A.B. asks: 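One structure coming up, written as structure tokens, with questions to follow.
Start at 1 with the first residue, then count along the sequence. What's counted below: heavy atoms across the whole structure, side chains too, no hydrogens, waters or symmetry copies. These numbers come from a predicted model, not from an experiment.
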Amino acid sequence: MDTGLKTLILPAGAAATATAAGVLAEGGLVAFPTETVYGLGADAGNAGAIARLYQAKGRPAFNPLIAHVADLACARRIALFDGQALRLAEAFWPGPLTLVLPRALSCPVAELATAGLDTVAIRIPAHKVARDIIKAFGGAVVAPSANISGHVSPTTAEHVNGDLAGRIDLIIDGGPVEVGVESTIVGCFSDPTLLRPGGLTRAEIERVLGHPVLQAPPDLEGDGGQPIAPGMLASHYAPKTPVRLNASDVHVGEALLAFGPAKVARAELASVVMNLSEHGDLAEAAANLFGYLRALDKRNADAIAVMPIPDDGLGEAINDRLRRAAVGRN
């Protein structure tokens with residue numbers, strides 16, 4: 001993907017922090033060091049910026065992203081903490097631990113970042129550069145590894161530039177990272193569950209909890225391939241309303257999820273119409289996807305008819321998500 005974008009590289013410092021915060025606020029993409037690997041940051045509440053992030057990484061599906069926050073108070077505005085989750089947060093944050101928790105009612109993280117799930121992944125990074133940028137930005141920042149999807153995770157700014165030059169706005173060079181592997185992910189369900197091993201050991205987690213953590217069961221890792229968190233597969237979100245894909249017409253009683261300026265036969269029969277992108281922009285469609293599915297699901301239609309969407313670029317991930325939604329209630 002050659003966007004013709006000029007990627008700026010700045011050494012870490014006060015000026016770079018202010019620049020990074022400004023780029024994030026404008027919906028841009030900023031790579032910065034954490035203690036684990038370099039992350040590719042975007043405003044966690046800006047679905048359009050998150051769609052750009054997926055596009056820049058060539059990420060093959062809408063996997064949940066980790067929301068990085070500055071402090072525990074911010075985390076508690078995003079997610080619901082029980083006693084065990086709070087003990088882990090107080091023991092290991094800032095640090096290489098991600099907690100998967102129920103979304104708070106007023107959670108500001110965009111549904112595109114949570115892949116339409118009712119949980120959200122959160123951590124507070126320990127790296128000073130990362131924390132300074134997040135504090136200066138003033139909100140949550142999603143930050144998967146700053147590399148092309150499937151490539152080796154980056155531990156230097158040079159690695160990031162080799163993968164993402166011309167795809168992102170800014171790289172903050174804070175030198176080599178310390179840990180070099182991604183954060184450990186623990187799902188704070190009724191019983192804490194290790195979803196991904198990483199920079200924090202199982203033994204350290206169990207010492208704080210006072211009991212063993214569960215291992216993610218194998219069946220969760222094979223349920224349609226939709227992760228509940230980075231590194232773990234689980235049940236996907238599916239509307240209660242049946243979904244009909246590649247619709248060339250509309251049946252009586254159906255809602256229509258449209259795409260682009262083209263029309264379908266008998267569109268006037270639709271009980272409600274929502275267009276993912278009237279201009280046929282796949283990034284805009286990705287940003288609107290989960291919110292529109294939920295909105296149509298509340299309209300009590302007999303089914304949701306979905307117009308065909310090109311399968312190139314972000315369209316591949318959009319269609320993947322729609323296929324999961326279509327079979328989810330069968």
Side-chain angles (χ1 to χ4, degrees), residues 1-3 27 42 46-65 110-117 142 144 148-150 167 223-227 233 235-299 301-330:
M1 182 182 80
D2 183 7
T3 64
N46 185 334
I50 295 165
R52 278 192 63 208
L53 184 151
Y54 280 115
Q55 197 167 40
K57 281 180 62 68
R59 204 169 173 100
F62 295 142
N63 297 331
L65 302 174
E111 285 193 299
L112 189 60
T114 62
L117 299 168
V142 293
I148 296 296
S149 187
R167 295 171 176 245
D223 184 12
Q226 175 64 26
L233 306 178
S235 299
H236 48 275
Y237 167 74
K240 295 177 182 177
T241 309
V243 174
R244 184 167 68 90
L245 301 179
N246 298 315
S248 59
D249 60 1
V250 176
H251 301 165
V252 174
E254 287 186 324
L256 176 62
L257 186 62
F259 175 78
K263 306 297 182 184
V264 295
R266 298 191 296 277
E268 69 278 3
L269 297 180
S271 59
V272 61
V273 178
M274 299 187 77
N275 197 316
L276 291 169
S277 173
E278 294 184 357
H279 303 290
D281 184 308
L282 289 171
E284 182 183 12
N288 289 329
L289 178 62
F290 292 111
Y292 283 15
L293 274 178
R294 286 183 182 268
L296 292 177
D297 198 23
K298 295 177 181 177
R299 300 301 289 264
D302 293 338
I304 300 171
V306 183
M307 287 178 59
I309 294 171
D311 208 38
D312 57 296
L314 279 177
E316 181 181 5
I318 293 170
N319 284 316
D320 171 84
R321 193 64 188 82
L322 287 168
R323 282 191 294 270
R324 298 184 194 288
V327 303
R329 300 296 176 187
N330 290 346

A.B. asks: Go through the structure and list residues passing side chain to side chain contact (heavy atoms under 4.5 Å, CB included) with Ala255, not counting sequence neighbours.
C.D. replies: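 Scan of Ala255 (side chain to side chain contact (heavy atoms under 4.5 Å, CB included), adjacent residues dropped) gives Ser271, Val272, Leu296, Ala301.
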A.B. asks: When you measure from the side chain of Asn319 to the backbone N and O of Ile309, does any donor-acceptor pair fall under 3.5 Å?
C.D. replies: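 It does hold such a pair.
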A.B. asks: What are the two closest non-hydrogen atoms of Gly27 and Ala49, and how far apart are they?
C.D. replies: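 Looking at all heavy atoms of both residues, the closest pair is O-CB, 3.5 Å.
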A.B. asks: Look up atom CD in Glu111 and atom CG in Leu293, then write down how far apart they are to the nearest 0.5 Å.
C.D. replies: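 The distance works out to 9.0 Å.
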A.B. asks: Restricting to non-hydrogen atoms, name the atom on Leu276 and the atom on Leu289 that form the minimum distance, rounded to 0.1 Å.
C.D. replies: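 Between these two residues, the closest heavy atoms are CD2-CA, 3.7 Å.
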A.B. asks: What residues, two or more places apart in sequence or in another chain, satisfy side chain to side chain contact (heavy atoms under 4.5 Å, CB included) together with Ala286?
C.D. replies: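 Checked Ala286 against side chain to side chain contact (heavy atoms under 4.5 Å, CB included); matches are Ala51, Phe62, Leu314, Ile318.
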A.B. asks: Give me the atom names and distance for the closest heavy-atom approach of Asn275 to Phe259.
C.D. replies: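 For Asn275 and Phe259, the tightest heavy-atom pair comes out as OD1-CA, 3.4 Å.
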A.B. asks: Restricting to non-hydrogen atoms, name the atom on Gly280 and the atom on Pro261 that form the minimum distance, rounded to 0.1 Å.
C.D. replies: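 Heavy-atom minimum between the residues: N-CD, 4.5 Å.
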A.B. asks: Show the atom names and distances, to 0.1 Å, of all donor-acceptor pairs under 3.5 Å that link a side chain in residues 244-251 to residues at least two apart or in another chain.
C.D. replies:
residue : atom : partner : partner atom : Å
Arg244  : NE   : Glu254  : OE2          : 2.9
Arg244  : NH2  : Asp249  : O            : 2.9
Arg244  : NH2  : Glu254  : OE1          : 2.8
Asp249  : OD2  : Arg266  : NH2          : 2.6

A.B. asks: On a heavy-atom basis, which atom in Ala56 and which in Ile148 lie closest, and how many Å separate them?
C.D. replies: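 Taking Ala56 first and Ile148 second, the nearest heavy atoms are O-CD1, 3.7 Å.
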A.B. asks: Report yes or no: does Asn63 contribute a side-chain atom to a donor-acceptor pair with the main-chain N or O of Ala115 at less than 3.5 Å?
C.D. replies: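 Flag not set: sc Asn63 to bb Ala115 has no pair under 3.5 Å.
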A.B. asks: With rounding to the nearest 0.5 angstrom, report the CG to CE distance, Leu257 to Met307.
C.D. replies: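 Between atom CG of Leu257 and atom CE of Met307 there are 9.5 Å.
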A.B. asks: Less than 4.5 Å apart, any side-chain heavy atom of Leu53 and any of Pro144?
C.D. replies: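 When only atoms from C-beta onward are counted, Pro144 and Leu53 do touch, with a gap below 4.5 Å.
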A.B. asks: Which heavy atom of Ile304 sits nearest a heavy atom of Asp297, and at what distance?
C.D. replies: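 Closest approach of Ile304 to Asp297, heavy atoms only: CD1-N, 4.2 Å.
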A.B. asks: If I take atom NZ from residue Lys57 and atom CZ from residue Arg167, how far apart are they, to the nearest 0.5 angstrom?
C.D. replies: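 The CZ atom of Arg167 is 10.5 Å from NZ of Lys57, to the nearest 0.5 Å.
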